[in-house]
Protein chains: 2
Amino acid sequence: MDDLTEMLKGTLEGCVLEILGGEETYGYAITRRLNELGFADVVEGTVYTILLRLEKNRLVQVTKRPSGLGPPRKFYALNDAGRAELAAFWAKWEYITSRIEKLKEGGR
Amino acid sequence: MDDLTEMLKGTLEGCVLEILGGEETYGYAITRRLNELGFADVVEGTVYTILLRLEKNRLVQVTKRPSGLGPPRKFYALNDAGRAELAAFWAKWEYITSRIEKLKEGGR
DNA sequence: TAGCGGTACTCGGTACTACAGAGTACTTGG
DNA sequence: CCAAGTACTCTGTAGTACCGAGTACCGCTA
């Protein structure tokens with residue numbers, strides 16, 4: 001699949017929120033997870049910028065824990081604002097997909 | 001619905017391609033059409049930048065015709081490259097939506 | 001006939017996001 | 001010791017939608 005980056009804008013942050021909604025985890029693992037899920041070209045730098053943004057916007061709670069396998073990990077968990085943002089993301093996603101689908105069906 | 005602009009990146013151009021795939025039409029009408037379809041905040045300037053980009057990338061054929069109701073209109077129609085681009089857009093769209101849906105179902 | 005509203009296009013600048021690419025640092029195994 | 005895998009950080013770039021202002025043409029009406 002060729003370049004998806006433009007189409008991922010805005011949705012990738014939602015994907016990270018969704019992953020964090022399921023479990024407390026950290027940047028490196030999130031990147032691997034996204035790669036497995038089919039977002040093959042998503043790279044660490046991208047995930048970290050998203051995580052830093054989430055932190056700056058106070059949507060996550062951060063805990064640093066030693067790893068025993070490399071440097072310490074920064075674990076991220078959604079707080080209430082983060083869960084609200086996640087819900088808002090899915091609402092937008094449903095909205096947009098429904099409109100696009102309508103357009104695709106030749107909707108007028 | 002609050003701000004959708006980030007999530008529209010990459011998809012809005014596809015929407016315009018889809019509309020042009022159905023009929024030869026012009027910028028102002030495309031904007032109205034998108035607004036009706038639920039992309040309420042999409043504004044003329046945005047559509048025109050997309051159209052100019054399509055033209056620059058040689059995905060459309062352009063014909064200027066007098067309007068009888070305002071200034072002349074620039075009608076856009078997809079050429080072969082444009083139809084290929086449209087197909088590629090839908091392929092990407094299917095791909096991304098399927099991955100996101102998988103993620104949403106707690107897919108692992 | 002002057003002005004207003006609707007139609008129609010153009011253009012310069014801005015904000016936001018994903019990505020490239022390089023660097024730092026910690027651990028284990030050969 | 002050093003290579004490879006793990007893990008995070010930072011600077012800069014490109015691409016896209018949007019803002020806002022401007023230009024221009026038309027019909028209607030006061």
Side-chain angles (χ1 to χ4, degrees), chain A residues 1-17 24-35 39-57 59-60 62-76 85 89 92 96 99, chain B residues 1-17 24-35 39-57 59-60 62-76 85 89 92 96 99:
Chain A
M1 179 63 50
D2 47 287
D3 197 26
L4 301 175
T5 88
E6 287 309 324
M7 214 180 275
L8 284 177
K9 296 217 169 147
T11 70
L12 204 49
E13 178 175 317
C15 294
V16 172
L17 284 170
E24 189 196 43
T25 181
Y26 57 98
Y28 191 79
I30 293 170
T31 308
R32 295 292 150 262
R33 180 78 188 287
L34 287 171
N35 293 152
F39 302 103
D41 297 333
V42 172
V43 87
E44 291 165 43
T46 299
V47 173
Y48 289 113
T49 55
I50 292 174
L51 290 172
L52 291 177
R53 192 162 68 234
L54 295 181
E55 187 176 356
K56 197 185 70 179
N57 295 343
L59 302 174
V60 289
V62 187
T63 315
K64 189 172 261 180
R65 300 215 183 92
S67 156
L69 180 71
R73 296 164 175 164
K74 279 178 75 176
F75 280 82
Y76 293 80
E85 186 70 18
F89 165 73
K92 283 197 215 177
I96 288 190
R99 303 299 139 156
Chain B
M1 180 62 50
D2 47 290
D3 197 27
L4 301 176
T5 88
E6 287 308 324
M7 213 178 278
L8 285 178
K9 296 215 170 149
T11 69
L12 204 50
E13 177 174 318
C15 293
V16 172
L17 284 170
E24 190 195 42
T25 181
Y26 56 99
Y28 191 80
I30 293 171
T31 309
R32 294 291 149 263
R33 179 78 187 288
L34 287 170
N35 293 152
F39 302 103
D41 297 334
V42 173
V43 86
E44 290 165 42
T46 299
V47 174
Y48 289 115
T49 57
I50 292 174
L51 290 172
L52 291 177
R53 192 161 67 232
L54 295 181
E55 188 175 357
K56 197 184 70 179
N57 296 344
L59 302 173
V60 289
V62 187
T63 315
K64 188 171 262 183
R65 300 216 183 91
S67 157
L69 180 70
R73 298 165 174 165
K74 279 177 74 177
F75 281 81
Y76 294 81
E85 185 70 18
F89 165 74
K92 284 197 215 178
I96 288 190
R99 303 299 139 156

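Note on naming: letters A, B, ... go to the chains in the order of the sequence lines (proteins, then strands), and numbering restarts at 1 for each one. Quick note: numbers below take in every heavy atom, side chains included, and nothing from hydrogens, waters or symmetry partners.
Residue B/Phe89 comes nearest to B/Gly10 through the heavy atom pair CE1-O, 4.0 Å, listed as atom of the first residue, atom of the second, then distance.
For the pair A/Asn35 CG and C/dA18 P, the interatomic distance rounds to 15 Å; values are reported in whole Å. Rounding to whole angstrom units, NZ of residue B/Lys56 and P of C/dT10 are separated by 15 Å. The interatomic distance linking B/Tyr48 (OH) with D/dC19 (P) rounds to 16 Å, in whole Å. Atom CD1 in A/Ile30 sits about 16 Å away from atom C1' in D/dT9, given to the nearest Å. Atom C1' of nucleotide D/dC18 and atom CZ of B/Phe39 are separated by 16 Å, given to the nearest angstrom. Here the C1' atom of nucleotide C/dT24 and the NZ atom of A/Lys74 are 15 Å apart, to the nearest Å. With rounding to whole Å, B/Arg33 atom CZ is found 16 Å from C/dA8 atom P. Straight-line distance from the CG atom of B/Leu52 to the P atom of D/dG15: 16 Å, rounded to whole Å.
Using a 4.0 Å heavy-atom criterion, one finds that B/Ile50 contacts the sugar-phosphate atoms exclusively.
Of the options B/Thr46, B/Val62, B/Val16, a side-chain contact (heavy atoms from CB on, under 4.5 Å) to B/Leu51 is made by B/Val16 and by none of the others.
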Salt bridge (Lys or Arg N to Asp or Glu O under 4.0 Å) evaluation trace for A/Glu44 with A/Arg32
CA-CA 9 Å; A/Glu44 291 165 43; A/Arg32 295 292 150 262; 3.4 Å; yes
Pair A/Arg73, A/Glu24 - check salt bridge (Lys or Arg N to Asp or Glu O under 4.0 Å), show working.
CA-CA 11 Å; A/Arg73 296 164 175 164; A/Glu24 189 196 43; over 6 Å; no
N/O to N/O distances under 3.5 Å, protein versus nucleotides 4-6 of chain D:
{"from": "D/dT6", "atom 1": "OP2", "to": "A/Tyr28", "atom 2": "OH", "distance (Å)": "2.9"}
{"from": "D/dT6", "atom 1": "O3'", "to": "A/Leu69", "atom 2": "O", "distance (Å)": "3.2"}

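Phosphate contact (OP1/OP2 of D/dC18, side-chain N/O of B/Thr46, threshold under 4.0 Å): present. OP1 and OP2 of D/dC8 both lie 4.0 Å or more from every side-chain N or O belonging to A/Lys64.
A residue-by-residue look at B/Phe75 and A/Arg53 shows that B/Phe75 has its nearest nucleotide of DNA chain C further toward the 5' end. Between B/Asp41 and B/Pro72, the residue anchored nearer the 5' end of DNA chain D, judged by the nucleotide with its closest heavy atom, is B/Asp41.
Near DNA chain D, meaning a heavy atom under 4.0 Å away, the residues from residues 3-15 of chain A are A/Glu6, A/Lys9.
In this structure a side-chain-to-backbone donor-acceptor pair under 3.5 Å is missing from A/Tyr48 to A/Val43. Formation of a donor-acceptor pair under 3.5 Å by the B/Lys92 side chain with backbone atoms of B/Thr11 is not found in this model. A donor-acceptor pair under 3.5 Å links the side-chain atoms of A/Asn35 to the main chain of A/Val42, judged by distance alone.
Between the CG atom of B/Leu12 and the CG atom of B/Leu34 there is a distance of 6.0 Å, given to the nearest 0.5 Å. One distance of note links CD of B/Glu13 with CG of B/Leu8; it measures 12.5 Å at 0.5 Å rounding.
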